[in-house]
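The structure displayed is predicted, hence computed values, not measured ones.
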Amino acid sequence: MEKINLLDTVPVRRESIRTEWSGECAVLAYPRFKRPWMQRFLLPKGMSPYIRVTLEEHGTAVWQLIDGKRTVGEIIDLLAEHFAHEAGYESRVTTYFMQLQKDGFILLYPPSAGRP
């Protein structure tokens with residue numbers, strides 16, 4: 001099995017994630033239930049069918065650059081100015097990408113793979 005460098009992968013937002021805005025910060029909204037019938041039968045009246053996560057400034061900057069075309073490495077390069085060249089920002093951003101994937105907000109594709 002060939003190892004793939006995270007910096008070469010292409011992050012793609014999951015289709016089920018909606019982006020909303022609260023001022024300058026992105027708010028990620030994702031369905032409370034995976035299946036529509038669950039929402040119909042298990043969602044209490046008046047409760048939103050979405051769970052919302054508000055991203056802070058840096059998270060919003062990363063989220064805005066995820067377009068399904070740029071690699072993680074390219075996004076990190078574009079964020080250099082945003083992070084004012086803070087020492088170690090690259091590792092913070094790569095950790096953030098791994099967390100976004102773990103939480104199901106994005107998929108990471110190898111650079112040569114066909115993307116949706």
Side-chain angles (χ1 to χ4, degrees):
M1 188 163 130
E2 181 185 340
K3 286 189 177 185
I4 298 171
N5 186 334
L6 175 65
L7 298 177
D8 295 333
T9 63
V10 177
V12 177
R13 296 177 184 183
R14 288 208 181 237
E15 290 181 13
S16 60
I17 306 299
R18 295 186 344 195
T19 303
E20 302 171 353
W21 293 93
S22 176
E24 297 286 315
C25 294
V27 178
L28 307 185
Y30 60 96
R32 197 172 291 276
F33 299 105
K34 292 186 192 286
R35 295 185 171 73
W37 69 266
M38 294 176 94
Q39 180 175 310
R40 192 168 53 244
F41 292 110
L42 300 175
L43 186 68
K45 270 196 172 186
M47 181 180 276
S48 170
Y50 290 92
I51 296 173
R52 288 175 172 76
V53 176
T54 303
L55 303 180
E56 45 76 54
E57 175 190 348
H58 294 314
T60 295
V62 171
W63 187 254
Q64 287 179 297
L65 291 172
I66 297 173
D67 63 2
K69 296 179 180 108
R70 296 182 183 111
T71 65
V72 170
E74 291 168 339
I75 291 172
I76 287 173
D77 290 343
L78 290 170
L79 289 168
E81 290 299 319
H82 177 80
F83 280 90
H85 299 283
E86 292 174 24
Y89 87 92
E90 297 93 345
S91 66
R92 288 180 33 219
V93 174
T94 55
T95 300
Y96 186 65
F97 272 110
M98 295 306 296
Q99 190 64 48
L100 285 172
Q101 180 190 35
K102 180 181 172 210
D103 292 341
F105 291 109
I106 64 169
L107 297 169
L108 292 170
Y109 287 96
S112 60
R115 294 182 288 282

Asks: According to the salt bridge (charged side-chain N to carboxylate O under 4.0 Å, His left out) rule, which pairs have a member within residues 78-87, sequence neighbours left out?
Replies: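 Residue pairs with at least one partner in residues 78-87: Glu86-Arg92.
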Asks: Check for me, please, whether Leu108 and Val12 land in the same ILVMFWY cluster - side-chain distances under 4.5 Å, paths through other members count.
Replies: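 No: no chain of side-chain contacts under 4.5 Å links Leu108 to Val12.
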Asks: Please say yes or no: joined through hydrophobic side-chain contacts below 4.5 Å, possibly via intermediate residues, are Tyr109 and Met98 part of one cluster?
Replies: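 Different clusters.
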Asks: Would you say Arg13's side chain and Trp63's backbone share a donor-acceptor pair under 3.5 angstrom?
Replies: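 It does hold such a pair.
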Asks: Could you check whether any side-chain heavy atom of Val93 comes within less than 4.5 Å of a side-chain heavy atom of Ile76, counting everything from C-beta outward?
Replies: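 Answer yes - side chains close enough.
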Asks: Check whether Ser22 reaches the backbone of Cys25 with its side chain - one donor and one acceptor, N or O, closer than 3.5 Å.
Replies: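 No; zero donor-acceptor contacts below 3.5 Å.
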Asks: Just wondering, do Val10 and Leu107 contact through their side chains at under 4.5 Å, heavy atoms?
Replies: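 Counting from C-beta outward, Leu107 and Val10 never come under 4.5 Å.
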Asks: Give a yes or no on whether the backbone of Leu28 and the side-chain of Thr19 come within a donor-acceptor separation of less than 3.5 Å.
Replies: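 No: the side chain of Thr19 does not pair with the backbone of Leu28.
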Asks: List in chain and number order the residues that pass ring pair (Phe, Tyr, Trp, His ring centres under 6.0 Å) with Phe83, two or more places apart in sequence or in another chain; answer none if no residue qualifies.
Replies: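 Checked Phe83 against ring pair (Phe, Tyr, Trp, His ring centres under 6.0 Å); matches are His58, Tyr89.
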Asks: Might you point out which heavy atoms bring Ser16 and Pro31 nearest each other, and give the distance in Å?
Replies: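 Residues Ser16 and Pro31, closest heavy atoms: O-CD, 3.4 Å.
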Asks: Can you list the residues that meet the salt bridge (charged side-chain N to carboxylate O under 4.0 Å, His left out) rule with Asp77, with sequence neighbours excluded?
Replies: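 For Asp77 there are no salt bridge (charged side-chain N to carboxylate O under 4.0 Å, His left out) partners, ignoring immediate neighbours.
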Asks: Within a strict 4.5 Å, meaning less than it, do heavy atoms of the Ile106 and Ile66 side chains meet?
Replies: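 They are in contact (side-chain heavy atoms under 4.5 Å apart), so the answer is yes.
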Asks: Can you tell me how far apart CD (Gln99) and CG (Asp103) are? Round to the nearest 0.5 Å.
Replies: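 One gets 4.5 Å once the value is rounded to the nearest 0.5 Å.
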Asks: State, to 0.1 Å, how close Gly59 and Leu55 come at their nearest heavy-atom pair, and which atoms those are.
Replies: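 Nearest pair, atom of Gly59 first, then Leu55: O-CD1, 3.7 Å.
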Asks: Kindly work out whether a path of hydrophobic side-chain contacts (I/L/V/M/F/W/Y, heavy atoms less than 4.5 Å apart) joins Phe33 to Ile51.
Replies: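 Phe33 and Ile51: separate clusters.
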Asks: Which pairs with one or both residues in residues 59-68 pass salt bridge (charged side-chain N to carboxylate O under 4.0 Å, His left out), sequence neighbours excluded?
Replies: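 Passing the test, one end in residues 59-68: Asp67-Arg70.
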Asks: If hydrophobic clusters are built from ILVMFWY residues whose side chains come within less than 4.5 Å, do Ile4 and Leu7 share one?
Replies: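 No, Ile4 and Leu7 fall in different hydrophobic clusters.
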Asks: Taking the side chain as every heavy atom from C-beta outward, state whether Pro11 and Val72 have any atom pair closer than 4.5 Å.
Replies: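 They are in side-chain contact.
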Asks: Quick one: are the ring centres of Tyr30 and Tyr50 less than 6.0 Å apart?
Replies: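 So the answer is no for these two rings.
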Asks: Are Met38 and Met47 grouped together when hydrophobic residues (ILVMFWY) are joined by side-chain heavy atoms under 4.5 angstrom apart?
Replies: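 Met38 and Met47: one cluster.
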Asks: Between Leu65 and Leu79, is any pair of side-chain heavy atoms under 4.5 Å apart?
Replies: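 Leu65 vs Leu79: side chains touch.
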Asks: Test of understanding: with ring pair (Phe, Tyr, Trp, His ring centres under 6.0 Å), list the residues that count as partners of Phe97, not counting sequence neighbours.
Replies: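 For Phe97, no residue satisfies ring pair (Phe, Tyr, Trp, His ring centres under 6.0 Å) once neighbours in sequence are set aside.
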Asks: Which pair of heavy atoms, one from Ala26 and one from Thr60, lies closest together, and at what distance?
Replies: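 Taking Ala26 first and Thr60 second, the nearest heavy atoms are N-OG1, 3.0 Å.
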Asks: How would you list all residue pairs meeting salt bridge (charged side-chain N to carboxylate O under 4.0 Å, His left out) that involve residues 18-33, not counting sequence neighbours?
Replies: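 Salt bridge (charged side-chain N to carboxylate O under 4.0 Å, His left out) check on residues 18-33 returns Arg18-Glu20, Glu20-Arg52.
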